[in-house]
Asker: 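I am attaching a structure below and will ask some questions about it afterwards.
Chain letters run A, B, ... following the sequence lines, proteins first and then strands; every chain starts at 1.
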Number of protein chains: 2
Amino acid sequence: MAERGRPRAFDRSEALHRAMRVFWTCGYEGTSVSELAQAMGINKPSLYAAFGCKEALFREAIELYEQEEGAPVGEALDQGRTARSAIETALRVNARSFTNPDNPRGCMVVVSALAGAPENNPVCSFLADNRRESEENFRRRVLRGIEEGDVPRGADAARVAAFYATVMNGLAIQARDGATMERLERLIDSAMAAWEAVAS
Amino acid sequence: MAERGRPRAFDRSEALHRAMRVFWTCGYEGTSVSELAQAMGINKPSLYAAFGCKEALFREAIELYEQEEGAPVGEALDQGRTARSAIETALRVNARSFTNPDNPRGCMVVVSALAGAPENNPVCSFLADNRRESEENFRRRVLRGIEEGDVPRGADAARVAAFYATVMNGLAIQARDGATMERLERLIDSAMAAWEAVAS
DNA sequence: CCATTTATATACCGATCGGTATGAAATGCG
DNA sequence: CGCATTTCATACCGATCGGTATATAAATGG
């Protein structure tokens with residue numbers, strides 16, 4: 001079952017984790033392949049052999065980010081008793097991630113490639129798709145709330161989802177700008193106070 | 001009064017406008033000095049003679065952006081009859097700018113350098129300061145509303161300002177991701193529905 | 001043991017990066 | 001006019017960009 005040639009001398013998953021943190025900190029264009037290789041503890045040919053190219057490595061890093069930082073958000077959405085509490089908890093879980101002192105600040109999907117050179121447009125579009133998907137998850141949760149009766153029948157699920165997705169992206173920027181967890185908590189308090197007005 | 005040496009053959013203000021649009025579209029790191037010079041219709045030595053260096057040109061471009069796109073927002077804040085209507089109008093003026101088909105999409109202060117290489121940290125900090133200043137303008141307007149009696153005495157001006165600044169930054173990202181003016185208008189409807197809950 | 005396969009480290013590729021030296025061209029001043 | 005001053009266009013700078021050729025090292029299959 002063992003592989004055929006010389007075994008890889010580094011832990012691919014560990015290297016990917018390190019790459020994720022560099023991209024998260026400096027953004028896609030602000031990170032060079034040489035920096036990546038150094039942070040990953042490997043040489044460039046090993047990086048290219050294991051991950052393909054800079055863009056492919058970045059996409060894998062985003063997927064890892066989604067798994068590690070995004071999964072608790074998805075769980076919060078699923079497990080909340082009502083759409084309202086599910087979305088509120090999702091926001092609070094995100095806020096905790098955005099300000100975790102062990103992490104770079106803010107949301108990697110928001111901060112790492114909002115604009116870029118034309119040749120990097122695929123990267124920007126990839127992240128935009130990712131953000132739309134998060135909003136879609138909010139929308140599905142509101143629809144479920146309508147089905148389960150905790151959200152009024154006439155509520156506009158897309159509108160609710162768009163509002164809280166907008167707040168979430170705004171929180172990511174606040175976090176990048178140095179906002180504390182407490183500050184984000186108060187912002188979420190404000191956003192949740194709008195629930196009846198938005199979801200009715 | 002005329003200048004001494006050979007007169008400049010290009011319009012400095014027009015060149016700066018063109019540079020602003022490129023930075024706005026591709027971001028600070030996504031824009032090269034060669035691209036800038038080409039878009040400005042000048043050669044690189046002329047660019048350096050007139051604007052100093054890439055970072056100084058970017059800072060001037062941001063200042064121009066503040067004057068052209070930010071001034072109407074400031075006017076809206078000043079001229080609104082109440083803090084609530086002033087902030088609502090400010091958001092709507094911003095939304096119009098973010099989706100103006102003649103402009104790159106979104107807010108230049110948000111999209112052009114959220115993350116970057118360590119050597120470009122001054123640029124990111126400069127934009128973060130700028131965003132904080134916008135929030136501070138909101139806060140001052142709420143304080144005025146308290147003085148003038150259209151906002152309850154007990155309202156937390158900083159909290160109100162932080163909430164609407166967060167929404168505004170979220171709107172900038174929505175716009176980058178392709179949101180229409182109508183969609184942003186509906187998001188602002190939602191945010192303003194929260195007013196009583198946030199400012200009380 | 002030998003052949004094959006894969007990963008390693010070094011050194012390199014052309015292209016582009018931000019920035020500049022250089023000399024000709026165009027003005028005001030005397 | 002001649003001279004100082006400033007801008008112009010071209011061509012260039014060392015450094016770094018994303019990516020790779022090459023040769024060696026380390027494993028498995030036979």
Asker: Between A:Arg59 and A:Glu55, does any side-chain N to carboxylate O distance fall below 4.0 Å?
Answerer: yes

Asker: Only one of B:Tyr28, B:Phe51, B:Trp24, B:Tyr65 passes ring pair (Phe, Tyr, Trp, His ring centres under 6.0 Å) with B:Phe58; say which it is.
Answerer: B:Tyr28

Asker: Counting the benzene-type ring for Trp, do B:Trp195 and B:Tyr164 have ring centres under 6.0 Å apart?
Answerer: yes

Asker: Is any side-chain heavy atom of B:Arg159 less than 4.5 Å from a side-chain heavy atom of A:Asp189?
Answerer: yes

Asker: Using a 4.0 Å cut-off on protein heavy atoms (strictly under), produce a 5'-to-3' string for nucleotides 16-27 of chain D with B for base contact, S for backbone-only sugar-phosphate contact, and - for none.
Answerer: -SBBBB---BBB

Asker: Would you classify A:Ala9 as touching base, sugar-phosphate or nothing, given that sugar-phosphate means primed atoms plus P, OP1 and OP2, and contacts are heavy atoms under 4.0 Å?
Answerer: sugar-phosphate

Asker: May I have the distance from B:Leu47 (atom CG) to D:dC8 (atom C1'), rounded to whole angstrom?
Answerer: 14 Å

Asker: Side-chain N or O of B:Ser46 less than 4.0 angstrom from OP1 or OP2 on D:dT7?
Answerer: no

Asker: Just to confirm, is there a sub-4.0 Å distance from OP1 or OP2 of D:dC8 to any side-chain nitrogen or oxygen of B:Asn43?
Answerer: no

Asker: Calculate the interatomic distance between A:Ile42 atom CD1 and C:dA7 atom P; express it in whole Å.
Answerer: 11 Å

Asker: Is it true that B:Val111 and A:Phe126 fall in one hydrophobic cluster, defined by side-chain heavy atoms closer than 4.5 Å?
Answerer: yes

Asker: Out of A:Glu133, A:Arg132, A:Arg131, which residue meets the side chain to side chain contact (heavy atoms under 4.5 Å, CB included) rule with A:Asp129?
Answerer: A:Arg132

